[in-house]
Amino acid sequence: MAVKNDIAIYIDGINRTSKLAMPVKFSALLDESLDEAVISLKHVKKDIFQPLTPVEIHVTNTVRLGNTTTSETKVYYFYVSGDTAQESPVGSGLYDHDIALVEVTKIAECIVVDTLTVTNDIGRVYTLSASPVVPEQTQG
């Protein structure tokens, strides 16, 4: 039995897999926390990846058992939340990046909406006239 995992990285639709330094670190959290990931790219001609740039991580798992090979690809969607870049070597125009990623739910913070307020404009207190609920018996 042989297992092989392949990873491809697309940042803003551009395949950056050839610049990827392994390993890709990501966490798929099962609580109320947002999923996150960290990737490192080496010798990229881009000086910075702006926050909220879309990123796709394609993970292909291939299992070979005897003459049977099965392959499954899963795509994880993220946005850039931060980028630390250093020109290396200095003056070359090539940059090493450590990019922090966060799941797509984070983009909802960027949507501007009006405030919604619900008020009791007449000042009624609805609990003053409350009466207990009495069940009715039905014959069936």
Side-chain angles (χ1 to χ4, degrees):
M1 180 165 107
V3 177
K4 182 180 178 188
N5 292 309
D6 292 314
I7 295 179
I9 301 288
Y10 295 86
I11 301 177
D12 208 11
I14 300 171
N15 188 336
R16 302 280 184 176
T17 308
S18 65
K19 304 297 183 179
L20 180 65
M22 297 299 265
V24 172
K25 298 169 270 244
F26 65 92
S27 58
L29 304 171
L30 297 176
D31 57 9
E32 294 178 8
S33 303
L34 297 177
D35 295 346
E36 55 194 16
V38 177
I39 59 173
S40 295
L41 302 178
K42 302 294 183 190
H43 293 88
V44 179
K45 291 184 180 180
K46 187 170 179 69
D47 61 343
I48 192 161
F49 291 99
Q50 293 296 324
L52 302 178
T53 302
V55 177
E56 294 179 12
I57 300 175
H58 297 242
V59 179
T60 303
N61 177 262
T62 306
V63 177
R64 185 176 185 172
L65 186 58
N67 293 333
T68 306
T69 302
T70 58
S71 187
E72 179 182 354
T73 300
K74 184 163 184 174
V75 180
Y76 298 91
Y77 298 95
F78 292 97
Y79 281 98
V80 172
S81 65
D83 180 17
T84 304
Q86 265 187 345
E87 191 174 19
S88 176
V90 175
S92 67
L94 299 173
Y95 296 86
D96 294 342
H97 295 269
D98 287 319
I99 303 171
L101 307 173
V102 68
E103 74 173 64
V104 296
T105 307
K106 187 72 170 173
I107 199 81
E109 289 183 359
C110 300
I111 300 171
V112 179
V113 295
D114 264 347
T115 311
L116 176 65
T117 305
V118 179
T119 58
N120 183 357
D121 60 337
I122 302 175
R124 296 184 186 130
V125 179
Y126 293 101
T127 57
L128 290 178
S129 61
S131 60
V133 176
V134 179
E136 290 184 18
Q137 289 186 352
T138 60
Q139 285 183 306

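Start at 1 with the first residue, then count along the sequence.
- Under the rule for a ring-ring contact (aromatic ring centres under 6.0 Å, His included), the partners of Tyr76 that lie at least two apart in sequence or sit in another chain are Phe26.
- Each salt bridge (Lys or Arg N to Asp or Glu O under 4.0 Å) pair with one or both residues in residues 88-108, not counting sequence neighbours, appears once here: Lys106-Glu109.
- Remark: His58 pairs with Tyr10 by the ring-ring contact (aromatic ring centres under 6.0 Å, His included) rule, at least two apart or across chains.
- With sequence neighbours excluded, the residues forming a side chain to side chain contact (heavy atoms under 4.5 Å, CB included) with Leu20 are Ile7, Ile9, Met22, Val24, Ile39, Leu41, listed by chain and number.
- Other residues sharing a hydrophobic cluster with Ile111 under the 4.5 Å side-chain heavy-atom criterion for ILVMFWY residues are Val113.
- For Tyr77, the ring-ring contact (aromatic ring centres under 6.0 Å, His included) criterion is met by no residue, not counting sequence neighbours.
- Lys46 meets the salt bridge (Lys or Arg N to Asp or Glu O under 4.0 Å) test with no other residue; sequence neighbours excluded.
- By the 4.5 Å side-chain criterion applied to Ile, Leu, Val, Met, Phe, Trp and Tyr, Val63 is assigned to a cluster that also includes Met1, Val3, Leu65.
- Not a single donor-acceptor pair under 3.5 Å links the side chain of Asp6 to the backbone N or O of Thr60.
- Here side chain to side chain donor-acceptor pair (under 3.5 Å) pairs that include residues 17-36, with residues two or more places apart or in two chains, are Asn15-Thr17, Asp31-Ser33.
- Through direct or relayed side-chain contacts under 4.5 Å between Ile, Leu, Val, Met, Phe, Trp and Tyr, Val112 connects to no other residue.
- Apart from Val133 itself, the hydrophobic cluster it occupies contains nothing, where clustering links Ile, Leu, Val, Met, Phe, Trp and Tyr at side-chain heavy-atom distances under 4.5 Å.
- Applying the side chain to side chain contact (heavy atoms under 4.5 Å, CB included) test to Ala21 and every residue at least two apart in sequence or in another chain returns Ser40, Lys42.
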